[in-house]
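Here's the structure, in structure tokens; my notes come after.
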Amino acid sequence: MICYRQNPPRKNIIKIGLVFLTVISGQNIYASDVPVPEEYGATGGNSLAFGGSVASAMGGVSAVRANPSLLALEKEYAIHAAYHWPSAGRDFYQLGVVDGKTSSVAAGFTYTGALDNYQGIASKNPSETSSPNSVGNVSKDSPIVRRAAAAFAMPIGKVYAGVEGGFVEARNPTDTLFEEGAARIKGFTLGFGLAAHLSQAFRIGVSAENLANKKVQFAAPTYYRAASSYFFGDTASVHIDYRRREAITMYEGQTPSLTFVDDGNPPTTVVQAENFANASTSIKIYDLLRVIGAVGQTKSQDSAATQVAGGLSLINEKFNFSYQVLRPNLAKDSVHHALSFGLEMAM
């Protein structure tokens with residue numbers, strides 16, 4: 001446990017942060033399999049450094065998906081961009097804008113896209129199934145072509161409430177490396193969030209993402225989140241998050257074949273949902289620098305893993321820049337890197 005009252009020397013905190021990032025990131029990026037591509041849960045902003053689960057931690061672009069009610073917390077008009085190098089699969093980018101200034105109803109929009117083509121869930125040629133981004137016949141790449149989400153939030157007394165609508169376009173998971181002309185699957189989802197300050201320093205939040213997702217469940221599983229945060233002024237904060245994700249059979253069930261139904265959904269099997277608990281902290285140093293760290297435990301189907309994450313952020317009144325890393329399984333060598341940039345606009 002970190003005791004903030006003792007105010008440890010700032011140089012020591014920076015050294016600890018740099019060592020933490022080195023431990024996370026100094027590994028072979030393609031050394032192990034990733035059951036579900038990290039693109040599924042990447043909500044943008046600085047959320048990766050917090051372990052990817054930020055249902056009460058902060059507003060901004062990450063709130064659009066993680067908890068839309070948090071958009072109403074910050075009176076800002078800002079744009080955001082991020083580029084991700086996941087532990088396996090295609091690189092992807094995220095763009096976003098939030099507006100909490102021009103109206104009593106805060107709004108936000110995020111977009112996720114990839115520059116390269118989907119690799120396919122499996123290859124017709126057995127000799128092609130051992131590429132760095134596949135394990136057996138299962139691709140470690142996300143089938144996403146693009147995601148977009150728009151959210152709105154407003155205060156209702158001492159409670160903040162928000163709603164979100166998402167659009168998903170994905171390649172059919174039956175596609176292989178040799179089927180570039182296959183049709184894409186599109187669908188819409190719904191989400192909501194609530195947050196409340198129980199005191200000036202203590203905040204809680206709950207949210208649901210990707211409801212009504214039957215057509216695109218394989219690309220947009222339902223997430224339920226619950227979290228609490230405690231803020232030591234503007235100097236430091238600690239956060240506890242719980243997340244439950246609907247199982248994705250094509251990754252977490254039996255090894256898929258090329259006999260999926262035409263709408264892209266795998267055959268119905270009983271697969272346990274993922275449960276994830278995460279603890280994270282953010283510490284402000286030298287007025288501009290923040291050191292972020294997180295550790296979490298995930299359990300899905302018959303496997304469990306400990307993940308660690310961290311980041312360094314430069315923040316002032318007009319812009320922020322951060323480098324973030326996530327190691328989704330401490331026992332494995334796969335690492336997810338991301339760079340993000342945000343700019344607040346004058347209105």
Side-chain angles (χ1 to χ4, degrees), residues 36 38-74 80 94 96 98-100 105-112 147-168 187-198 202-214 216-217 219-231 237-248 273-280 282 294 296 298 300 309:
V36 174
E38 296 117 63
E39 182 277 327
Y40 277 73
T43 58
N46 293 325
S47 61
L48 188 77
F50 285 88
S53 190
V54 286
S56 66
M58 56 188 174
V61 293
S62 63
V64 174
R65 290 177 52 190
N67 187 342
S69 67
L70 299 177
L71 289 171
L73 292 175
E74 300 175 8
H80 182 88
Q94 295 178 311
V98 294
D99 179 8
V105 177
F109 174 82
T110 62
Y111 178 90
T112 300
R147 299 183 192 272
F152 302 90
M154 63 182 299
I156 304 175
K158 296 183 179 181
V159 177
Y160 302 92
V163 295
E164 176 257 342
F167 169 77
V168 180
F188 294 90
T189 64
L190 297 173
F192 72 90
L194 295 171
H197 280 100
L198 301 186
F202 186 51
R203 184 165 69 218
I204 60 173
V206 295
S207 68
E209 180 190 4
N210 295 332
L211 301 172
N213 65 342
K214 183 177 181 180
V216 290
Q217 185 275 337
T222 299
Y223 287 86
Y224 297 101
R225 300 179 176 94
S228 62
S229 296
Y230 192 89
F231 299 88
S237 61
V238 291
H239 319 277
I240 302 296
D241 284 79
Y242 169 77
R243 183 185 71 198
R244 182 177 178 86
R245 174 183 50 75
E246 181 181 14
I248 310 171
E274 179 206 59
N275 293 282
F276 175 62
N278 187 67
S280 59
S282 172
T298 181
S300 61

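This chain uses plain numbering: 1 for the first residue, then up along the sequence. Keep in mind that what you see is a predicted model, and the values were worked out from it rather than measured.
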>> Restricting to side chain to side chain donor-acceptor pair (under 3.5 Å), what partner residues turn up for S62, sequence neighbours left out?
In response: none
>> By the salt bridge (Lys or Arg N to Asp or Glu O under 4.0 Å) test, which pairs, at least two apart or in different chains, include something from residues 221-231?
In response: E209-R225
> With sequence neighbours left out, what residues match R203 under salt bridge (charged side-chain N to carboxylate O under 4.0 Å, His left out)?
Replying inline: none
> Among side-chain atoms of T298 and E274, is any donor-acceptor pair under 3.5 angstrom?
Replying inline: yes
>> Which residues pass the ring-ring contact (aromatic ring centres under 6.0 Å, His included) test with Y111, not counting sequence neighbours?
In response: none
>> I want to check something: taking the side chain as every heavy atom from C-beta on, are S228 and I204 in contact at a cut-off of under 4.5 Å?
In response: yes
> Are side-chain heavy atoms of N67 and Y160 found at a separation under 4.5 Å?
Replying inline: no
>> Which residues pass the side-chain contact (heavy atoms from CB on, under 4.5 Å) test with A220, not counting sequence neighbours?
In response: R147, V168, T189, N210, V216
> Does A247 have any side-chain contact (heavy atoms from CB on, under 4.5 Å) partners at least two apart in sequence or in another chain, and if so, which?
Replying inline: E252, V271
> Any donor and acceptor pair, going by atom type alone, linking the side chain of N278 with main-chain N or O of F50 inside 3.5 Å?
Replying inline: yes
> Residues two or more places apart in sequence or in another chain: which of them pass ring-ring contact (aromatic ring centres under 6.0 Å, His included) with F202?
Replying inline: none
> T43: what forms a side chain to side chain donor-acceptor pair (under 3.5 Å) with it, not counting sequence neighbours?
Replying inline: S47
>> With a 3.5 Å distance limit and no angle check, can you tell me whether R65 reaches the backbone of A42 through a side-chain donor-acceptor pair?
In response: yes
>> For Y224, give me all partners under side chain to side chain donor-acceptor pair (under 3.5 Å), at least two apart in sequence or on another chain.
In response: none
> With F109, which residues qualify under ring-ring contact (aromatic ring centres under 6.0 Å, His included), at least two apart?
Replying inline: none
> salt bridge (Lys or Arg N to Asp or Glu O under 4.0 Å): which pairs involve residues 155-165, sequence neighbours left out?
Replying inline: none
> What residues, two or more places apart in sequence or in another chain, satisfy side chain to side chain donor-acceptor pair (under 3.5 Å) together with E74?
Replying inline: none
